[in-house]
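These notes concern the structure reproduced below.
So you know, we letter chains A, B, ... as the sequences are listed, proteins then strands, and number each from 1. Computed over heavy atoms, backbone and side chain alike; hydrogens, waters and symmetry mates excluded. None of these values were measured; they are calculated from a predicted model.
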Number of protein chains: 2
Amino acid sequence: MGEVVMGRQRPGTPTLEEVAARAGVGRGTVSRVINNAAGVKDSTRRAVQRAIAELGYVPNLAARSLAGRRADAVALAMTEQDWRLFGEPFFAETVRAVSDALTDTGMQLLLTLVRTAAERQRFVEYARGGRVDGALLMSVRADDPLPDMLAEAGLPTVLLGRRSGDECVTYVDADNVGGARAAVAHLLDGGRSRIATITGPLDMYVAQCRLRGYREALDRAGIRSRSSWEAESDFTEESGRRAMAELLERHPDIDGVFAASDTTAAGALAALRAAGRRVPGDVAVIGFDDFPLAQRTDPRLTTVRQPLEEIGRALVRLLLEEMEQPAVAWRHVILRTELVLRDSAP
Amino acid sequence: MGEVVMGRQRPGTPTLEEVAARAGVGRGTVSRVINNAAGVKDSTRRAVQRAIAELGYVPNLAARSLAGRRADAVALAMTEQDWRLFGEPFFAETVRAVSDALTDTGMQLLLTLVRTAAERQRFVEYARGGRVDGALLMSVRADDPLPDMLAEAGLPTVLLGRRSGDECVTYVDADNVGGARAAVAHLLDGGRSRIATITGPLDMYVAQCRLRGYREALDRAGIRSRSSWEAESDFTEESGRRAMAELLERHPDIDGVFAASDTTAAGALAALRAAGRRVPGDVAVIGFDDFPLAQRTDPRLTTVRQPLEEIGRALVRLLLEEMEQPAVAWRHVILRTELVLRDSAP
DNA sequence: CTGAAAGCGCTAACAT
DNA sequence: ATGTTAGCGCTTTCAG
């Protein structure tokens with residue numbers, strides 16, 4: 001009687017051994033051919049390739065993984081908060097950059113959602129189970145235990161951003177303090193002096209850094225920073241709008257705004273418009289992240305550009321390094337940010 | 001001499017065999033315990049669990065996969081175009097729904113980018129190599145060869161949306177024609193008669209369907225549809241803005257707009273505002289997809305809601321069915337859409 | 001209820 | 001340059 005098979009993989013899939021038989025060679029030779037190893041006579045190689053084509057052979061990756069002790073894949077994990085920021089260009093562009101940086105390595109990039117505790121558990125088992133050779137973690141929150149769980153399990157792990165000033169786990173970050181400082185300094189240079197800021201969620205280190213840069217720039221100019229000039233957002237456009245409205249109410253004479261994200265800057269713009277302010281005539285706005293979002297509407301804003309291509313490359317490079325060597329040290333890379341000037345009349 | 005090992009997996013990882021030795025049982029028993037199989041004496045089970053905990057044992061997924069002939073993972077592949085629509089709430093919400101629907105199965109969801117031909121090749125090898133038990137494909141273009149490549153390889157595959165009216169591969173879709181028709185009928189009911197539409201990219205079947213619904217509704221009302229009342233967008237906000245401006249120029253007396261997407265509707269809104277039209281006073285706008293994007297600005301728009309939770313569940317259910325049975329038939333599910341009324345004064 | 005044994009399909013070291 | 005062999009760590013009969 002035909003028993004019910006619980007296996008999911010189609011039967012009858014040709015194996016390396018069948019290819020070897022058909023090509024009239026040993027299994028080792030076939031293995032060399034499919035792995036592009038040197039030292040195979042050209043005629044043999046072609047014979048094997050023909051057999052592969054005729055049989056429609058595809059290597060079984062589980063077997064390769066088991067024998068070769070590697071997965072040829074890396075995960076990029078995103079938490080629930082990341083997911084809500086999904087729409088942000090920063091997010092999509094970074095993933096794209098990582099994907100590009102990975103093309104040469106032949107490794108498959110796997111994006112995974114880690115929203116609940118159950119999903120985190122499953123992901124950890126997946127990663128520790130050897131289905132990926134390493135993990136990239138996006139914009140981790142201060143209280144996120146995932147990096148440590150993976151790092152302690154010995155899985156090569158690299159963070160995009162850090163959880164705090166004394167982060168240990170290997171990470172790539174942008175110079176958030178410096179970028180914010182440069183932005184505010186630019187506003188000051190342009191003759192603005194009543195400068196407010198819309199911060200990101202302050203439980204994220206990145207938001208703390210950008211706020212610090214804002215304050216430092218004011219300090220250096222001899223301006224005492226005050227909390228009434230600071231309003232928190234959660235990096236969404238809507239919260240940026242609200243924060244801006246709030247700031248305007250507190251300080252109708254604002255003439256400059258530093259927004260901690262591109263999306264937030266877009267919200268700020270909308271709120272300023274709604275309040276009848278001209279931008280940048282009455283109020284100059286500088287946003288972190290150089291994306292079209294805040295610029296969909298007319299005024300070409302000056303922005304702080306993060307070098308996303310570089311970030312993607314650095315993430316992959318560090319991950320590869322972690323994979324090559326046993327984890328002897330944490331490696332940190334902080335990439336310079338750049339002010340992109342667009343407001344000719346500051 | 002210590003040879004350089006190219007393997008990536010940490011050595012010294014405890015194996016099932018070591019657990020068995022420590023617990024003083026056979027390997028089979030350990031296997032039964034970690035798979036929650038029935039028929040293990042309670043005391044034995046606990047002994048094994050203790051050994052697992054003490055050793056910090058984690059099953060090697062490659063070995064399990066090889067022996068068990070399944071991957072316990074499914075892929076959700078996104079093409080380059082999808083990726084550009086990444087920001088759309090529809091996208092994020094659908095993935096979330098799929099993720100939710102998958103939690104009970106214990107399978108890991110893997111999002112993969114398939115942007116270039118090289119990436120497609122790699123993904124096909126990954127999938128055919130047995131690293132996933134099935135694939136979900138988002139909003140495929142008419143000329144996308146990926147569905148056929150996977151389906152022909154015998155991999156359980158389900159599409160979200162179809163490539164054309166005679167799509168074969170198993171899919172889940174929304175009733176786009178009906179939804180569009182209902183939207184336009186609602187505008188007509190509200191006394192509007194000069195109704196334009198902003199379509200999606202017409203090489204996508206979903207966009208064709210929504211346009212067809214628009215035309216059918218007008219036909220039924222005895223209004224001849226004309227192409228000058230139709231403008232194409234690529235589903236982005238910017239293109240929606242442009243399309244609306246164009247339509248306004250051609251027909252300044254427009255009093256209703258059906259937008260083929262939420263994002264497009266947002267663009268239309270902005271353009272209408274810029275042209276000094278009140279919404280919905282002068283012009284009523286209905287968008288497909290029920291999301292806050294088009295509603296960030298004041299007027300509460302009536303929208304066409306796609307049942308995303310249902311779509312996610314259906315995708316997973318069909319995929320599981322494909323996995324259980326050899327592919328004997330293509331299965332298609334078309335989910336009803338719903339008009340969400342918000343404009344009390346149509 | 002449990003142990004022993006036979007693979008799953010591949011890589012890599014070792015012969016030749 | 002190529003064939004042979006010994007595992008990789010697990011699931012799954014099949015005996016007991």
Side-chain angles (χ1 to χ4, degrees), chain A residues 3-48 51-52 55 57-72 125 128-131, chain B residues 1 3-21 23-48 51-52 55 57-72 125 128-131:
Chain A
E3 267 303 306
V4 174
V5 182
M6 85 153 298
R8 288 168 191 163
Q9 194 156 293
R10 294 289 155 282
T13 310
T15 70
L16 179 147
E17 180 138 25
E18 301 178 53
V19 173
R22 175 148 196 150
V25 301
R27 313 192 310 186
T29 304
V30 177
S31 181
R32 279 166 209 131
V33 171
I34 62 182
N35 291 300
N36 275 316
V40 179
K41 210 198 303 176
D42 237 38
S43 58
T44 328
R45 184 180 297 271
R46 270 195 298 276
V48 172
I52 288 175
L55 260 37
Y57 168 75
V58 180
N60 178 319
L61 262 24
R64 169 177 291 174
S65 209
L66 180 57
R69 302 150 157 283
R70 59 223 190 69
D72 287 320
E125 276 164 21
R128 293 196 59 183
R131 301 297 292 245
Chain B
M1 296 294 287
E3 266 303 304
V4 175
V5 183
M6 85 152 297
R8 288 168 190 162
Q9 195 156 292
R10 292 290 154 282
T13 310
T15 72
L16 179 146
E17 180 138 28
E18 301 177 52
V19 173
V25 302
R27 313 191 311 187
T29 305
V30 177
S31 181
R32 280 166 208 131
V33 171
I34 62 181
N35 290 301
N36 275 316
V40 179
K41 209 198 304 176
D42 237 38
S43 58
T44 324
R45 184 181 297 271
R46 271 195 298 276
V48 171
I52 287 176
L55 259 38
Y57 168 75
V58 179
N60 178 318
L61 262 26
R64 170 176 292 173
S65 209
L66 180 58
R69 304 155 153 282
R70 59 225 192 67
D72 288 320
E125 276 164 21
R128 295 194 58 182
R131 301 296 293 247

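Taking the side chain to side chain donor-acceptor pair (under 3.5 Å) definition, one finds that A/R45 meets it with nothing, sequence neighbours left out. The salt bridge (charged side-chain N to carboxylate O under 4.0 Å, His left out) check on B/R27 picks up B/E17, with sequence neighbours excluded. Looking at residues two or more places apart in sequence or on another chain, you find no side chain to side chain donor-acceptor pair (under 3.5 Å) involving B/N36. Judged as a side-chain contact (heavy atoms from CB on, under 4.5 Å), and not counting sequence neighbours, the contacts of B/V25 are B/A20, B/A23, B/T29, B/V30, B/T44, B/V48.
Atom-to-atom, CZ of A/R70 to C1' of D/dG9 comes out at 17 Å; the value is rounded to the nearest Å. Taking atom CZ of B/R45 as the reference point, atom C1' of C/dT2 lies 13 Å away to the nearest angstrom.
Counting heavy atoms from C-beta outward, A/V19 and A/I34 have side chains that stay 4.5 Å or more apart. Side-chain contact check for B/S65 versus A/R131: some heavy-atom pair is nearer than 4.5 Å.
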| task | List the steps, then state whether side-chain contact (heavy atoms from CB on, under 4.5 Å) holds for B/R64 with B/L16. | result | CA-CA 11 Å; B/R64 170 176 292 173; B/L16 179 146; over 6 Å; no

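Axis orientation changes by 40° from one end of the helix from C/dC1-D/dG16 to C/dT16-D/dA1 to the other, with each end axis drawn from 5 pairs and the value rounded to 10°.
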| In the 5'-to-3' direction, what one-character label does each nucleotide of nucleotides 3-10 of chain C receive under the scheme B = base within less than 4.0 Å of a protein heavy atom, S = sugar-phosphate only, - = no such atom? | B--BBBBB

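Among A/T13, A/V58, A/L61, the one residue that satisfies the side-chain contact (heavy atoms from CB on, under 4.5 Å) test with B/R128 is A/V58.
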